[in-house]
Amino acid sequence: MKVVAAFLLAVLSGKASPTSSDIKDVLGSVGAETEDSQIELLLKEVKGKDLTELIAAGREKLASVPSGGGGVAMASAPSAGGGGGGAPAAESKKEEKKEEKEESDDDMGFSLFE
């Protein structure tokens, strides 16, 4: 991953097709270890290809990958014969509302996504 990042940084610095030396310079500037085989493999794979097309193709591939978070916790329904089954549920709802309020205070008046 660091070799790919160094390649992209070299491209952003103005080099249309970075060389192995360019990638090593970027990685060396932050003290990262480099493996020549990984650099050569990357350069072989991207040789003659347009970087924007490679990124677009990668985005299309990642669009089909599930990103998790699909599970939803279900609250159990109170039993029909149980007396007082609604009280704990009401208490848990109050606690949830209280927790949500505390979380909204943590953003200090701004949101990362707005």
Side-chain angles (χ1 to χ4, degrees):
M1 217 42 183
K2 64 185 174 184
V3 174
V4 174
F7 176 82
L8 293 172
L9 286 171
V11 171
L12 285 174
S13 73
K15 305 202 188 285
S17 56
T19 64
S20 177
S21 176
D22 296 329
I23 295 171
K24 287 179 185 178
D25 289 344
V26 171
L27 291 172
S29 70
V30 295
E33 296 288 323
T34 63
E35 290 185 26
D36 291 337
S37 62
Q38 289 180 338
I39 295 172
E40 294 305 320
L41 176 64
L42 173 69
L43 292 176
K44 185 179 89 173
E45 292 294 322
V46 299
K47 186 177 181 179
K49 297 179 181 174
D50 182 38
L51 185 61
T52 55
E53 290 176 8
L54 289 173
I55 292 173
R59 282 188 178 179
E60 288 176 17
K61 289 179 181 179
L62 285 175
S64 64
V65 175
S67 59
V72 177
M74 301 290 281
S76 61
S79 61
E91 288 177 6
S92 67
K93 286 183 182 179
K94 288 180 186 177
E95 289 175 3
E96 288 176 7
K97 288 181 183 179
K98 186 177 181 182
E99 289 175 5
E100 288 176 351
K101 175 130 175 73
E102 290 173 0
E103 289 176 2
S104 67
D105 291 340
D106 290 340
D107 66 3
M108 294 186 259
F110 63 90
S111 174
L112 181 63
F113 301 106
E114 291 183 358

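What's counted below: heavy atoms across the whole structure, side chains too, no hydrogens, waters or symmetry copies.
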Search all heavy atoms of [X] against all heavy atoms of [Y] and return the closest pair with its distance.
X: Lys49; Y: Leu54; answer: CD-CD2, 3.8 Å
X: Glu33; Y: Lys2; answer: O-NZ, 2.9 Å
X: Thr19; Y: Leu43; answer: C-CD1, 4.0 Å
X: Ala6; Y: Ile23; answer: CB-CG2, 3.8 Å

### Query
Does a side-chain heavy-atom distance below 4.5 Å link Lys24 with Asp36?
yes
### Query
Hey, which of Leu8, Thr34, Ile39 is the one that makes side chain to side chain contact (heavy atoms under 4.5 Å, CB included) with Val3?
Ile39
[X]-[Y] co-clustered via ILVMFWY side chain contacts under 4.5 Å:
X: Val4; Y: Leu9; result: no
X: Phe7; Y: Leu41; result: no
X: Val26; Y: Val11; result: no

#### Entry: Distance, nearest 0.5 Å, that separates OG of Ser37 from CG of Leu42
11.5 Å
### Task
Give a yes or no answer on whether the side chain of Lys47 reaches the backbone of Ser17 with a donor-acceptor pair at less than 3.5 Å.
no
